There are 2 protein chains.
Amino acid sequence: MAVAPPKPKDLSLSALRAFEAAARLGGFAAAAEELGVSPGAVTAHVKALEDRLGAVLFQRDAKGVRLTALGQRVLPGLSEAFDHLAAASHHMQAEAAPQLVHIATLPAIAQFWLSPRLPELRRIAPEISVSITAMEAPPNLKRAPYDLCLFFGGSQGTALTEDVIFPVCAPSVAARLRSVADLADVPCLSDTAWSEDWALWLAAAQPEGGIAPRGPAYSLYALAVEEAVNGAGVLIGHEALVARHLAAGRLVAPFAERATTGRSLRLWSAPPAGPAARQVMRWLTESA
Amino acid sequence: MAVAPPKPKDLSLSALRAFEAAARLGGFAAAAEELGVSPGAVTAHVKALEDRLGAVLFQRDAKGVRLTALGQRVLPGLSEAFDHLAAASHHMQAEAAPQLVHIATLPAIAQFWLSPRLPELRRIAPEISVSITAMEAPPNLKRAPYDLCLFFGGSQGTALTEDVIFPVCAPSVAARLRSVADLADVPCLSDTAWSEDWALWLAAAQPEGGIAPRGPAYSLYALAVEEAVNGAGVLIGHEALVARHLAAGRLVAPFAERATTGRSLRLWSAPPAGPAARQVMRWLTESA
DNA sequence: AATCTAGGGTCAGAAAAATTGAGTCTATTA
DNA sequence: TAATAGACTCAATTTTTCTGACCCTAGATT
């Protein structure tokens, strides 16, 4: 009731952003991940916001957090506002550097599919700069500053090629393989994120079953490929990613059977895509 | 062209806000004022943003700054986004403390008009808390977190009373005044922000002219009122602000002539006004 | 039951950012 | 010819923010 403190400061933008991310993603840890900070920072921001408001936004318990009624009421408005802000920010960057195209993709795609195509793209469109950021999962395009995304699966954008898989190995290893059954006797390499690959292919190649491939799993597909090239075993290969090694003869496909994961290599863009992004998109589509 | 740095950080929210304010208000100094920081901070933020974008947003020269073409293209989107964010933030505070009403007003109005009415309001609606922030000019309601504004002039909202002015002084001083001409012999107090008041009143009271009131000007109306009560001279009084002193007999109006400044005491609200804000508004309107 | 795991909370110290404040510079105004 | 207004620079300082290591709880797993 008194003549109040001189400057009623606005709510902190960082705190609002932390709250919005935590509420939208359903947890402080996920919010910290998206914002690129530690969970403790998110905790602190949300707490500061709650103190400032004099009201509780989350109900905490040991297994996570849930929005309070108040939190649920204010979340939609905040999310919209941050969507607008992200769009404006993205627009700003696009206007400032119209010839720069940011692509988000899997590390393996970046290395084995995208990277080999860049020299040609640079030759055709030297005025365009491409920047590539590797990540495990497609980003939220409403927030993250990328122009194009290139990932397996989903249903967005256009499918470039089907995801076809089949075993590949160094020629020296192939010489020891006479039949699918021989796979039981060699290390079968795989990627931890694609642990179903062997089972998928075997279901197509040897429906009667009976083979349980064993071997190391790598958290980076590039490591598994490298090992396969070095003769460490048989890798379950994704066609789009091992095509160059096959063409160069560093890897061969010992069996003719091929399977599809049911997913595709897909390319999509963040609207509104500028001319440079559209050109890169068109070119990548054609090159597939 | 290389596989780029791991984390393409978003543009800093503070930097975006500083740029937006500077661009909208047409100057770094004005932006600093609105944001409640020093001009140097705004300079630094804008510079950081320009470096980050690799493009120039403002064209600087000695008399100020002008937006570049790039700046002009990105400003509208950013301003809209920050409008949304401010609205969401305001909504959040309103939801968290629905019984709290923030009022922005002139220091003099706060002290002499609003404050005396608060006890009665508290009696009638004890569940409502009122917080008052004094400032020299009406805030930008699209951004500042106030529910109600109460200022002289403008055309927003509803007019509570006309701004009527006339000389007032302590009774002891009044005893020495027989005619308007006697004003030449006493200190004529005024507020620096309302320096035209004496001339306005004299034009009405003594159209033939010939009187040039002299006396100290105060940067705070409250100081001038205090001096007048203490018998330091004759103050050109605003009816709404000196009514209590007149009623209590601490000040008297030595002359019957009254003039109007052509402005009114006006009350308006930031949409959407909540129930508490509307109730305070209704009550203030009726009490006028 | 014990153990494991996921998700949060807390805290002190450290790192980074923002801010200030004094001094400069340059056109415009008086 | 001052005086003024607006912006810039830079170093020092203050404030904010972040991290990293720890604890805690509840459900899932052994």
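These figures come from a predicted structure and were not determined experimentally.
Both A/Lys47 and A/Gly64 lie near DNA chain C, and the one whose nearest nucleotide falls closer to the 5' end is A/Gly64. Residues A/Gly40 and A/Asp61 each lie close to DNA chain D; by heavy-atom proximity, the contact nearer the 5' end of the strand is made by A/Gly40.
For the residue pair A/Asp83 and B/His84, no side-chain donor N or O sits within less than 3.5 Å of a side-chain acceptor on the partner. A donor-acceptor contact closer than 3.5 angstrom links the side chains of B/His91 and B/Glu95. A/Asp197 and A/Ser190 are not linked by any side-chain donor-acceptor pair at a separation below 3.5 angstrom, with hydrogens and angles left out of the test.
At a threshold of 4.0 angstrom between heavy atoms, the contacts of A/Gly27 are confined to the sugar-phosphate backbone, with no base atom among them. Residue contacts shown for B/Ala41 include a base, since a base heavy atom lies under 4.0 Å away.
Between B/Glu20 and B/Arg143, at least one side-chain N (NZ, or NE/NH1/NH2) sits under 4.0 Å from a carboxylate O, which counts as a salt bridge.
Across D/dT17, C/dG8, C/dT19, the shortest atom-to-atom separation from the side chain of B/Ser38 is found for C/dT19. Minimum atom distance to the side chain of B/Val37 is reached by C/dT19, of the listed D/dA7, C/dT19, D/dC8. For A/Ser12, taking side-chain heavy atoms from C-beta onward, the closest of the listed nucleotides D/dT17, C/dT10, D/dT19 is D/dT17.
Whole-Å rounding puts the B/Arg60 CZ to C/dT24 C1' distance at 16 Å.
Regarding contacts with the backbone of D/dC18, a side-chain N or O of A/His45 is found under 4.0 angstrom from either OP1 or OP2.
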